[in-house]
Colleague: 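Got a structure for you, written out below as structure tokens; questions coming shortly.
Keep in mind that the numbers below use all heavy atoms, side chains included, and drop hydrogens, waters and symmetry copies.
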Amino acid sequence: MPELTVGDQRWHVPTGTGLLEALNRQGVKVPSSCRAGHCHTCRVRCVTGAPADHRPHALPATEYAQGWRLACQCQVTTDLEVVPYDAKADGVEATVSDLHWLSPQVLRIRLMPARPLRYQAGQHVVVWARPDVARPYSLASVPGASSWLELQVQCGRPGVFVELARQMKVGDHVRLGEVLGGPLHYDPAWEARPLWLLASGTGLAPLWAVLGEALRQSHSGPIRLVHLAAPGEHYLEQALRALAAVHANLELDLRAPVADLNDLRPGRNTIALACGAPALVEAIGKRLFLAGLPRGQLLTDTFEKRAG
């Protein structure tokens with residue numbers, strides 16, 4: 001059986017055992033939010049040996065060459081020595097600078113990083129509330145517009161990270177890990193085209209940043225923002241209406257999560273971005289495609305349901 005080594009611990013595991021499972025069973029606490037290779041909270045660095053990797057392209061080529069792997073996507077097939085990601089050593093410290101409940105369920109957390117973080121609108125960052133508790137969160141702030149980073153945390157479901165977020169105070173510290181890219185972004189080449197931003201729940205967070213970036217770059221085409229949320233949970237309604245009062249090309253469309261989508265009829269030149277719960281994003285995509293939107297003009301990201 002292959003031997004697995006972490007620090008001064010050495011033990012044998014059956015060939016083909018999942019790396020994340022092998023580590024956690026031995027008491028090596030490697031967090032994982034999605035177990036699907038998306039959240040990147042389970043990063044480990046292979047010092048010697050190489051596991052069988054089901055998603056070799058999930059990490060940038062430079063990091064992969066340095067031995068970084070996503071433990072949830074790897075199996076132990078040979079002797080292997082790994083070093084779990086250390087947020088204290090590898091991450092960036094950030095101070096909680098502001099806390100504000102945007103609705104009964106959504107907590108806005110603003111973080112001041114110890115050094116500037118490079119990111120783009122639509123991206124997310126891994127946030128370590130404790131050495132063993134990490135979650136990826138979309139950045140709702142607009143790059144270059146402020147020194148702080150903004151998270152919009154859905155606190156309506158139980159979970160370890162959520163409980164820690166509820167207990168946070170201004171002045172507390174967290175660690176920021178990897179900035180993760182994704183399909184959501186704003187392209188200046190879209191400047192004159194209709195832009196649709198469609199979100200459910202806190203899927204609005206990255207689209208709020210994309211909207212801010214589009215307006216910062218003086219997007220001249222019509223912008224339609226659709227937000228599907230329960231009553232009382234259109235948590236950015238006031239801020240959005242203030243923007244719409246200043247930008248005549250911004251149209252707001254606030255709906256219930258079970259709203260009929262059949263009236264969504266984008267023009268063939270429209271660029272659409274959708275983010276939120278998988279089922280709603282799938283329903284939005286299906287509706288837009290049936291209405292004639294070319295597939296290459298819809299960019300989607302989903303928030304997988306997870307425990308905190």
Colleague: For residues 291-300, run the donor-acceptor check on the side chains, cut-off 3.5 Å, and write out each pair with its distance to 0.1 Å, sequence neighbours left out.
Modeller:
| from | atom 1 | to | atom 2 | distance (Å) |
| --- | --- | --- | --- | --- |
| Gln297 | NE2 | Arg268 | O | 2.7 |
| Gln297 | NE2 | Thr270 | O | 2.8 |

Colleague: Could you note down all residue pairs passing side chain to side chain donor-acceptor pair (under 3.5 Å) where residues 195-210 supplies at least one of them, sequence neighbours left out?
Modeller: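 Counting only pairs at least two positions apart or across chains, no side chain to side chain donor-acceptor pair (under 3.5 Å) contact touches residues 195-210.
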Colleague: Is atom NE2 of His100 surrounded by more than 12 heavy atoms (other residues, nucleotides or ligands) closer than 6.0 Å?
Modeller: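 Yes, NE2 of His100 has more than 12 neighbouring heavy atoms, counting only those of other groups under 6.0 Å.
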Colleague: Only pairs under 3.5 Å count here: list side-chain donor-acceptor contacts from residues 1-17, not counting sequence neighbours, and write none if there are none.
Modeller:
| from | atom 1 | to | atom 2 | distance (Å) |
| --- | --- | --- | --- | --- |
| Thr17 | OG1 | Pro14 | O | 2.6 |

Colleague: Minimum heavy-atom separation for Arg69 to Pro51, with atom names?
Modeller: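 Arg69 and Pro51 have their closest heavy atoms at CG-CG, 4.3 Å.
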Colleague: Are Leu151 and Leu107 close enough, and set up right, to give a side-chain contact (heavy atoms from CB on, under 4.5 Å), and what steps lead you there?
Modeller: CA-CA 8 Å; Leu151 313 177; Leu107 175 63; over 6 Å; no
Colleague: So does Arg43 pair up with Glu63, basic N to acidic O under 4.0 Å?
Modeller: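 Here Arg43 pairs with Glu63 in a salt bridge, since their nearest N and O are under 4.0 Å apart.
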Colleague: As a quick check of understanding, evaluate side-chain contact (heavy atoms from CB on, under 4.5 Å) for Leu117 and Val125, giving each step before the final call.
Modeller: CA-CA 10 Å; Leu117 203 68; Val125 65; 4.1 Å; yes
Colleague: Scan residues 142-153 for pairs that pass side chain to side chain donor-acceptor pair (under 3.5 Å), counting only residues two or more places apart or in two chains.
Modeller: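 Matches after skipping sequence neighbours: Arg110-Glu150, Glu150-Gln152, Gln152-Tyr235.
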Colleague: Partners of Glu233 by salt bridge (Lys or Arg N to Asp or Glu O under 4.0 Å), sequence neighbours excluded?
Modeller: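 Residues passing salt bridge (Lys or Arg N to Asp or Glu O under 4.0 Å) with Glu233: none at all.
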Colleague: Should Asp132 and Arg130 count as an ion pair when the cut-off is N to O under 4.0 Å?
Modeller: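 Salt bridge between Asp132 and Arg130, a charged N being under 4.0 Å from a carboxylate O: yes.
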Colleague: With a 4.0 Å cut-off on N to O distance, would you call Arg265 and Asp263 a salt bridge?
Modeller: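 Salt bridge flag = no for Asp263 with Arg265.
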Colleague: What pairs with Arg35 under salt bridge (Lys or Arg N to Asp or Glu O under 4.0 Å), at least two apart in sequence or on another chain?
Modeller: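 Applying salt bridge (Lys or Arg N to Asp or Glu O under 4.0 Å) to Arg35 gives none.
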Colleague: Going through the checks in order, is the side-chain contact (heavy atoms from CB on, under 4.5 Å) test met by Val92 and Arg115?
Modeller: CA-CA 7 Å; Val92 176; Arg115 59 177 173 80; 3.1 Å; yes
Colleague: Would you say the rings of His219 and Tyr186 are close, in the sense that their centroids are separated by under 6.0 Å?
Modeller: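 Yes, the ring of Tyr186 comes within the 6.0 Å limit of the ring of His219, centre to centre.
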Colleague: For the rings on His185 and Trp190, is their centre-to-centre separation under 6.0 Å?
Modeller: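 Ring centres of Trp190 and His185 closer than 6.0 Å.
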Colleague: Quick check on side chain to side chain contact (heavy atoms under 4.5 Å, CB included): which of Val153, Ile109, Asp172 does Leu99 satisfy it with?
Modeller: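 The passing option is Ile109.
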Colleague: Is it true that the NZ or CZ of Arg45 lies under 6.0 Å from the centre of Tyr85's six-membered ring and within 45 degrees of the ring axis?
Modeller: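 No, a cation-pi geometry is absent between Arg45 and Tyr85.
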Colleague: Indicate the ring-plane relationship of Tyr137 and Phe161, choosing parallel, tilted or perpendicular according to the 30° and 60° boundaries.
Modeller: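 Ring orientation, 0 to 90° scale: tilted.
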Colleague: Any sub-3.5 Å donor-acceptor pair from Asp98's side-chain atoms to Leu111's backbone N or O?
Modeller: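 No; judged by distance alone, with no hydrogens or angles, the pair does not exist.
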